Amino acid sequence: MTSYVSVWVGRPGGPPRQVQDPDRLHGAASTMKVAVLAALYRTGGLDEPVPVVNDFASALGDGSRYRNDRSYDDDDEVWPHLGTAVPARWLARRMIVRSSNLATNLLLARVGLPAVAEVWRLAGAAHSVTARGIEDYAARDAGLDNVVTAADLAALFSALHRGALAGPQACAEMLDLLADQQWRVDLAAGLPDGVRVAHKNGWMTGVRHSAGLVTPPDAEPYVIAVCTTARGVPPDDYDERACRRIAEISADAWAERGR
């Protein structure tokens, strides 16, 4: 088995106090949904209706289409709305709190890939790219893939904390939404109950990441981003181990929060 763990921990916008291979590229999994969220807030129209379809133009730009597989989606709430229209704000919530793939692709189609690229640029990300929608396998096979680094995810959450992506009020709303995240088996699992953490995790075969902004009641907020990738290990076994490892790193960062 070959495994990689990347870590960035520190004050928002400041130098890290803990790093480990922070610029290594990892498959983004669902962490890219934070950049899609910020692009939506920058574009506006959160209360406008979005037609719910399951048919998307490939990032290849050759006229080909792709669809989402419902069995691969971790959220069932959007699917019954196929053929109707729902507010963009509601889709944003499903994309974040339950990591809906269908909601993500609907919003990505609405804002466009250049708007997401602009979010990464404004955050100061050096390497991360959102090049395609989720399950756009033709684009992926052609080399258009979604990648992140721990340092860039930390920069993204730092920019949200500073209100630098869509204005202070909009960024505060996004952080409130990220604090409602319901998948809490990795980064949040390393924190005491009741501690506010605005975060997003992501997972796929051999990959588990989590990044967020932790707000202790007795210290300044800090950003933490952990990306893990492995090859040559059963997916279920790896995901459980990766969750434990991220929780351990999160617990260590919490213990050092006042420093």
Side-chain angles (χ1 to χ4, degrees), residues 6-16 19 21-46 56-61 88 91-92 95-96 99 103-134 136 139-140 142-178 198-202 207 209-213 221-227:
S6 300
V7 180
W8 196 104
V9 181
R11 303 284 180 228
V19 288
D21 207 4
D23 295 319
R24 175 180 286 276
L25 286 174
H26 297 259
S30 290
T31 59
M32 50 81 75
K33 295 172 181 176
V34 182
V36 175
L37 178 69
L40 175 66
Y41 268 80
R42 286 177 54 78
T43 303
L46 273 80
F56 305 99
S58 171
L60 283 174
L91 289 172
M95 175 176 69
I96 296 300
S99 208
T104 302
N105 281 344
L106 290 166
L107 294 176
L108 186 57
R110 181 183 180 87
V111 303
L113 289 167
V116 182
E118 179 67 2
V119 167
W120 286 118
R121 187 192 70 80
L122 289 171
H127 305 290
S128 297
V129 176
T130 302
R132 61 171 177 84
I134 298 171
D136 185 355
R140 180 199 64 185
L144 297 174
D145 213 352
N146 301 328
V147 293
V148 294
T149 69
D152 287 348
L153 287 172
L156 185 59
F157 275 89
S158 293
L160 286 172
H161 176 72
R162 298 195 311 272
L165 296 180
Q169 181 176 345
C171 286
E173 287 183 13
M174 285 187 271
L175 288 170
D176 286 343
L177 179 55
L178 288 155
H199 78 294
K200 183 72 189 78
N201 37 27
V207 167
H209 311 323
S210 197
L213 176 74
Y222 63 90
V223 171
I224 176 171
V226 185
C227 298

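Predicted model, so just to flag it, every value in this text is computed and none were measured. FYI, side chains are in, hydrogens and waters are out, and symmetry mates aren't considered; it's all heavy atoms of this structure.
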Closest non-hydrogen atoms of V148 and C227, given as atom of the first, atom of the second and distance, are CG2-SG, 4.4 Å
Enter the distance from T43:OG1 to R110:CZ here, rounded to the nearest 0.5 Å.
-> 8.5 Å
Say you draw a straight line from CG of N146 to OG of S128; how long is it, rounded to the nearest 0.5 Å?
-> 10.0 Å
Pairwise distance CG(D152) to NE2(H127) - rounded to 0.5 angstrom | 6.0 Å
Heavy atoms, side chains only, cut-off 4.5 Å: are R42 and L122 in contact?
-> yes
Should I224 and H199 count as side-chain neighbours, where that means a heavy-atom distance under 4.5 Å?
-> no
Applying side-chain contact (heavy atoms from CB on, under 4.5 Å), run through D21 and S6 and close with a yes or a no.
-> CA-CA 5 Å; D21 207 4; S6 300; 4.0 Å; yes
Could you go through the side-chain contact (heavy atoms from CB on, under 4.5 Å) check for S30 and M95 one step at a time?
-> CA-CA 9 Å; S30 290; M95 175 176 69; over 6 Å; no
Kindly indicate, with the supporting measurements, whether the criterion side-chain contact (heavy atoms from CB on, under 4.5 Å) is fulfilled by L178 and L160.
-> CA-CA 11 Å; L178 288 155; L160 286 172; 3.9 Å; yes
Apply the test side-chain contact (heavy atoms from CB on, under 4.5 Å) to residues M32 and T104: give CA-CA distance (whole Å), side-chain angles for both, the deciding distance (0.1 Å), then the verdict.
-> CA-CA 9 Å; M32 50 81 75; T104 302; 4.2 Å; yes
What are the two closest non-hydrogen atoms of G133 and N105, and how far apart are they?
-> CA-OD1, 3.5 Å
In short, A154 meets A225 closest at the heavy-atom pair N-CB, 4.0 Å
So CG of L175 and CZ of F157: to nearest 0.5 Å the spacing works out to 7.5 Å
At their closest point, which heavy atom of L156 faces which heavy atom of A35, and how far apart are they?
-> CD2-N, 4.0 Å
Is any side-chain heavy atom of Y41 closer than 4.5 Å to a side-chain heavy atom of L46?
-> yes
Between the CE atom in M174 and the CG atom in L165, the distance rounded to the nearest 0.5 Å is 6.0 Å
Any sub-3.5 Å donor-acceptor pair from R132's side-chain atoms to A59's backbone N or O?
-> no
Return the minimal non-hydrogen interatomic distance between A29 and G202, and the atom names on each side.
-> CB-C, 3.7 Å
Minimal heavy-atom distance between H209 and A28, with the atoms involved, is CD2-O, 3.6 Å
With distance as the sole criterion, is a donor-acceptor pair present between the side chains of D23 and T149 under 3.5 Å?
-> no
Point-to-point distance, once rounded to the nearest 0.5 Å, from CG of D145 to CG of D136 = 10.0 Å
